[in-house]
Structure formats: C-alpha cells, structure tokens
Amino acid sequence: MSDAGGPLLDARNLHRWYGEGEARVEVLRGIDLSVEQGEYAAIVGASGSGKSTLLSILGCLDRPGEGTYRLAGHDVLSLRDDKLSELRLREIGFVFQSFQLIPQLSILENTEVPLFYAGVRRGDRHAKAMASLERVGLGHRVKHRPTELSGGEQQRAAIARALVHDPPLLLADEPTGNLDSETGRTILQLIDDLHDEGRTVLVITHDQTVADHAPRRIRIMDGTIESDRRREVVT
Amino acid sequence: MRFLEFAALAVRNLRGYALRSFLTTLGVVFGIASVVTMMALGRGAEDEILREIDKLGITNVIINSVKPPEDTSANATRSWTVKYGLTFADFDQIEETVRGLRHALPVHSYVERAWEGSKREDVLVQGVTPSYFTATKIVVARGRGLTVADEEARRPVAVVHQQLIRALGYYGDPLGYDLRVGEQIYEVVGILEDEEFQGFIRKALSSPDRRDNEIYVPYATVLTRIGTKSTSRKSGAYESTDIELNQIVVEVADQVNVAPVARMLRTLLENLHESKDYELVVPLELLEQRRRYQAVFNIALLLIAGISLLVGGIGIANIMLATVTERTREIGVRRAIGAKRKHIMSQFLIETVMLSAAGGILGVAVGYAGTLAMEWYTGWQAQFTPDVALWALAVACGVGILSGVFPAWRASKLDPIQALRYE
Ligand SMILES: Nc1ncnc2c1ncn2[C@@H]1O[C@H](COP(=O)(O)OP(=O)(O)OP(=O)(O)O)[C@@H](O)[C@H]1O
Ligand SMILES: [Mg+2]
C-alpha cells in the first residue's frame with residue numbers, strides 16, 4: 001500500500017481552526033510532520049496547545065481546514081467516507097484521551113469491536129480480544145462494564161482495544177495519564193515491544209519518563225511545532 | 001453482508017435496554033394482537049355461516065310459507081281458520097314450468113305435543129319425502145331414513161333426535177320406540193345425528209312456529225292422517241290455520257342455474273299469490289351477501305390494523321430517534337474505530353426491525369390468547385390460522401423497516417469527531 005521508501009505519514013502545512021470571524025480560534029497553525037515506518041515518537045506540549053487536535057487529524061478522524069495529509073500512500077483528504085473508515089480500521093489503532101469505551105458493553109465486548117468490523121469470526125474475536133486484554137494486564141476483569149473499572153483499568157482497556165486488530169500505526173493520546181508509575185511502566189514496556197515488532201507509534205504525553213523513552217520527541221506550542229528532536233537509541 | 005453478526009449485535013444491544021425495548025414494542029404488540037384476534041373471530045364467524053349455508057345446500061332454493069301481515073281492512077272476512085301459504089297448486093306449477101330442477105320437494109308440517117306418561121314435549125312434525133334428507137343434508141346416524149315404501153304405504157314411522165325420547169323419560173333404545181304425538185303413534189326408525197350448531201339461518205328457514213324438537217315422518221302419512229288444518233294455542237287464544245304446504249325445497253340441477261331459477265320462482269309465485277304469504281331463501285344469495293359483508297368487514301379491519309400499526313410504528317421511530325441521540329458517543333466510537341456508514345445504518349435498522357418483529361411475535365401470542373379468551377367468554381367460534389400469524393409478522397417487519405430507516409440514516413450521518421465529543 002505505502003509508497004516504497006516514502007514516509008508512512010506525511011502532513012504538510014496543517015491548519016485547523018474552530019469558529020468563524022470574531023470567534024475564530026486558531027488551534028493548528030501550519031504543522032509540517034513526517035513520520036517514517038517503524039518510528040516511535042512522543043508528542044509533548046502544554047495543555048491546549050493542539051496535540052489532541054493534531055492526533056485526530058493524523059488518525060483520519062478530523063479534517064484540517066488547510067494543508068495536505070498522506071497516510072500509507074493515500075491522499076487522506078480526498079478519500080471518500082467509506083475509504084476513510086477502511087483506512088482507520090486497517091492502519092490505525094487509536095487510544096483516546098478520554099478512553100471512549102462503549103458504556104453498555106463489557107470490557108471484552110468493547111475490545112472486540114474493531115474485530116467485528118474487520119470481519120473476524122465470533123470465536124476468533126473472543127480469543128484475540130482476550131489475548132489483547134491479557135497483554136495489558138486486564139485478563140481478570142473482562143466481563144465488567146467500563147464504569148465498574150478504575151480510570152487506569154479503563155485506560156488499559158482502551159489500549160487493548162486499539163491493539164486488538166494488529167494495526168501498523170498506533171496513535172495514543174496520553175496512554176499513561178491515569179496510571180500509577182508501576183502500571184505505567186508496564187504500558188511503556190508494551191509500547192516498546194510494539195515498536196520493536198515494527199509498528200509505528202505516536203504517543204502524546206505529559207509524562208517525562210514516557211517522553212524520555214521515545215527516540216523522537218516533537219514539542220508543540222500554540223499550534224506549531226516548536227522542536228522536533230531525534231536522539232540515539234540506547235539499547 | 002454478515003447479517004447474522006449484525007442480528008446478534010442487535011440482540012445484544014436490545015438486551016442492554018431490555019425494559020425500554022419492551023415498552024417500545026407495546027404499540028406493535030397490541031396493534032398486531034388486536035388485528036390477529038379480529039381476523040380469527042371474523043374468519044370463525046365466516047366459517048360458521050359458510051358451513052350453515054352449505055348445510056342448507058348451495059343448489060337449493062327454499063320456499064317457506066309465512067303468515068301474511070294481518071289484514072285489518074273492513075271487508076276482510078273474519079273466519080276462525082286462517083288460510084295462507086304455499087299450495088299444492090304452487091307445487092305442481094313449479095314442477096311443470098320451472099326448468100333445470102333436479103326435483104322439488106313438498107313439506108307439510110304441524111306442531112303438536114309428544115307425550116309419554118305425564119311428560120310433554122312440543123314437537124315440530126315435518127312431513128317430508130325421502131329425498132328431503134339428502135337435499136337438506138340431514139344425516140341419519142342410526143337406523144334408517146324415510147323410504148319410498150314408507151311414503152307409498154303411508155306408514156306411521158319417524159326419524160327423531162335422541163334427546164326428544166330422553167326428554168320424554170324413555171332411556172331404552174329409541175329405535176322401535178312408539179312415539180306418541182297428539183293422537184298419533186309413530187314408530188321411531190331412525191336417529192338423527194346431533195346438530196352441533198343451530199344457526200340463525202336454519203332457524204329462519206323452519207316454520208315460524210318451530211319448536212326445538214323436530215321429527216321427520218312421511219309426507220303422505222301426515223297428509224292422510226292429519227290433513228292441512230291445524231290448531232295451535234297462541235297467547236291463550238286458539239288459532240286455526242290451513243296451510244297446504246309449509247315448505248317447498250327446490251333443488252337446482254346445476255349451481256349456475258340457481259339465480260335464474262330463483263328469479264323464475266319469484267315471478268311465478270308473485271303471479272300465483274295475492275299477498276306475500278311465502279318467502280324465498282336462496283343459500284347462494286345469502287352466501288354472496290355474506291361475502292359482501294365480509295369484504296366490508298375486511299376493509300374496516302385493514303383500516304384499524306393500518307392505524308394501530310401506524311401508531312405503533314411512530315412510537316418505535318420516536319424511541320429509536322431518542323436512542324440514536326443517546327448513543328451518539330457509541331456511534332462516534334464505532335465510526336472512529338472503522339465502522340462504515342452502512343454498518344451503523346444496518347445496526348440501527350436491524351435493531352428496529354428485530355424490535356418490531358419481536359413485537360409482532362408477542363402480538364401474535366397475545367392475539368392468540370385474546371382469541372381464546374373471546375371464544376371462552378362469548379362462545380363464538382374463532383378460527384386461528386398460521387397464515388394470519390405469518391402476515392402479522394411480515395407486517396411487523398415492514399413497520400420496523402419503515403420506522404427504522406430515518407433514525408438509522410440519522411445515526412449513519414453523524415460526524416465521528418463530533419459524535420465523540422457529544423456529552
Ligand atoms: N470542538 C472545539 N471547538 C472549539 N474549540 C476547540 C474544540 N476542540 C478543541 N478546541 C480548542 O482547541 C485547543 C486545543 O485543544 P486540544 O484538545 O488539541 O489540546 P491538547 O493539546 O490536547 O490539550 P491537553 O494536553 O489538555 O489534552 C483548545 O484550546 C481547545 O479549547
Ligand atoms: Mg489532548
């Protein structure tokens with residue numbers, strides 16, 4: 001699918017604003033960002049700087065007011081709605097800042113949702129969802145509803161759901177925001193593993209440990225990229 | 001598409017909102033139930049009438065003598081004996097001039113008291129020819145019917161209902177019993193099959209003076225032994241009548257000729273009689289009339305069905321719209337994960353259809369129960385057929401589709417990112 005040799009995702013001059021006229025708020029003001037296949041990058045920045053907004057555009061959920069965006073060789077902004085859905089399903093695992101678990105479904109059922117749309121058979125769905133939940137350490141609470149879980153557990157369920165269909169690109173909005181340092185480390189380890197397996201990972205974080213962990217760090221300020229640094233990976 | 005998967009998802013979701021789902025379907029449940037009940041009762045009634053009409057013989061034309069309206073004009077000669085009704089001459093005219101008949105059968109009857117010891121029972125003695133039994137589909141269960149030999153020898157024999165003999169206090173074998181009717185003694189030679197129903201048409205066909213007990217004796221026997229005059233007591237006063245024939249049963253050879261024969265008979269009798277002291281009963285005409293009533297009833301039924309299902313459908317659509325709004329976030333999540341518009345559309349449409357189909361099934365069950373209850377309460381005969389149930393289900397599904405399309409379409413049009421932010 002992807003262009004041979006080209007970056008996995010490539011955004012040029014992204015602008016995003018809310019409201020019109022007097023009330024117009026500029027959230028993204030010309031973001032240029034290119035991420036290679038298999039890269040692991042942390043996005044940091046002050047609250048309200050536009051990180052989540054950027055991530056939803058990269059995740060094909062939101063559209064920029066201006067700019068171009070290519071993902072896995074597709075000109076995302078020109079795709080039809082159906083194609084966008086397919087792209088999200090096939091390429092992206094998205095961990096929402098507010099988890100976005102479906103309240104009336106159990107954790108297991110929530111985790112199965114991507115597999116449902118990917119056309120995985122019922123029996124396989126259970127097995128895969130269980131495996132994914134076990135991977136985030138939630139194998140024992142699968143029958144519970146999201147509201148019966150702690151914030152950290154919900155967060156891990158959201159991660160399990162994002163990973164369950166093996167997407168090549170993981171976009172995570174503060175995946176460790178609600179976790180104690182111990183569980184946070186497990187999740188970090190998990191992300192490391194995913195990265196080692198060859199997945200591309202973009203993580204928004206306020207957590208210094210997470211930010212330090214990633215080989216690349218992108219700092220957003222007031223809707224622009226203030227800095228974008230790669231460092232040598234120490235193994 | 002993976003329909004079963006979506007059906008399972010729908011069941012899962014509906015179970016999540018069990019109480020609401022149940023309440024939502026109530027409109028459809030009662031709509032379907034009332035239609036099913038009415039259909040069953042309507043069909044039952046139709047069936048009963050059809051059976052009755054069929055019993056009278058669809059190729060028959062039955063002419064009864066009826067008492068003409070009281071002649072109050074001054075010049076009316078007041079005699080003690082009132083003479084009216086069909087005459088032997090009428091019968092001969094019919095036999096000679098009307099074509100296309102299998103046969104015409106004369107009936108002379110009178111009302112008398114049967115007795116045994118101190119027991120008394122009013123009976124209607126019907127003097128009939130042997131063919132009367134086959135023409136009017138009266139079935140002899142035991143013993144024999146009347147024969148040409150009975151007729152020729154004017155034998156005093158009778159075919160009766162067993163209850164009559166029991167009512168007179170005789171509990172032995174009714175065959176061979178000597179039945180006393182007034183001054184006559186008839187030997188019982190045949191027992192009639194019990195009639196399950198005594199519908200209004202049969203009542204209308206019998207002479208106006210009919211009693212519950214009918215006995216059948218040879219026509220010739222009655223005429224020789226009793227004659228045409230009879231006396232009965234009505235509200236204290238004795239009334240003497242002279243009726244030659246109480247009934248003529250005309251059996252038409254071919255069903256297509258029933259209407260023309262009936263027309264001919266009407267003209268003929270109009271010419272022969274000054275007053276309207278007879279009536280024509282044409283089962284075929286009754287049948288057609290009945291069919292017209294049924295058609296009107298069916299249209300009314302359809303209207304009621306339509307209105308109640310419309311109301312039920314609007315109820316479902318309304319709740320589904322509310323559900324879509326309430327589940328905006330869920331829709332956003334599903335879309336964000338990779339559900340296409342058609343997936344969301346299918347999900348809500350299938351949910352609605354399953355809801356109303358469940359309502360339909362429940363409605364059929366409630367309707368069936370309602371039918372049984374009505375039967376038990378009113379004693380009517382209802383007819384519950386599987387095709388009604390299938391139709392009801394199909395209609396319920398149709399209602400589901402119609403009321404689900406708009407909410408489902410609304411759901412599928414939601415923008416993922418906005419739906420995710422919905423509080
Ligand atoms: N739908 C919206 N309508 C109006 N303004 C919005 C909308 N969504 C986001 N914003 C604004 O855009 C700005 C950036 O929001 P965003 O969620 O991207 O910030 P963030 O960097 O993720 O912050 P945080 O670290 O707190 O999550 C904020 O000022 C917010 O108020
Ligand atoms: Mg954010």
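Order of the sequence lines sets the chain letters (A, B, ...), proteins ahead of strands, with each chain counted from 1.
Interface residues of residues 122-132 of chain A toward chain B, defined by a heavy-atom distance below 4.5 Å and sorted by number: R122(A), R125(A). Contacts between residues 315-340 of chain B and chain A, counted as heavy-atom pairs separated by less than 4.5 Å, involve R327(B), R329(B), E330(B), V333(B), R334(B), R335(B), A336(B), I337(B), G338(B), A339(B), K340(B). Of residues 408-420 of chain B, those residues with a non-hydrogen atom less than 4.5 Å from any non-hydrogen atom of chain A are, in numerical order, P416(B), I417(B), L420(B). Near-neighbour residues of residues 105-121 of chain A relative to chain B, defined by a heavy atom under 4.5 Å from a heavy atom of that chain, comprise L105(A), S106(A), E109(A), V113(A), P114(A), F116(A), Y117(A), G119(A), V120(A), R121(A).
Residue W17(A) qualifies as enclosed at atom CH2: its count of foreign heavy atoms under 6.0 Å is above 12. Atom OH of Y17(B) sits in a crowded spot, with more than 12 heavy atoms from other residues, nucleotides or ligands closer than 6.0 Å. By the 6.0 Å contact criterion, CZ on F297(B) is enclosed, its count of non-hydrogen atoms from other residues, nucleotides or ligands being greater than 12.
We find the CZ-OG distance between R341(B) and S85(A) to be 8.0 Å, quoted to the nearest 0.5 Å. Between atom CD of residue Q104(A) and atom CZ of residue R15(B) there is a gap of 12.5 Å, rounded to the nearest 0.5 Å.
Between chain B and the options I92(A), D62(A), D82(A), the largest number of non-hydrogen pairs under 4.5 Å is found for D82(A).
The contact between I102(A) and chain B is made entirely by side chain atoms (from C-beta outward), counting heavy-atom distances below 4.5 Å.
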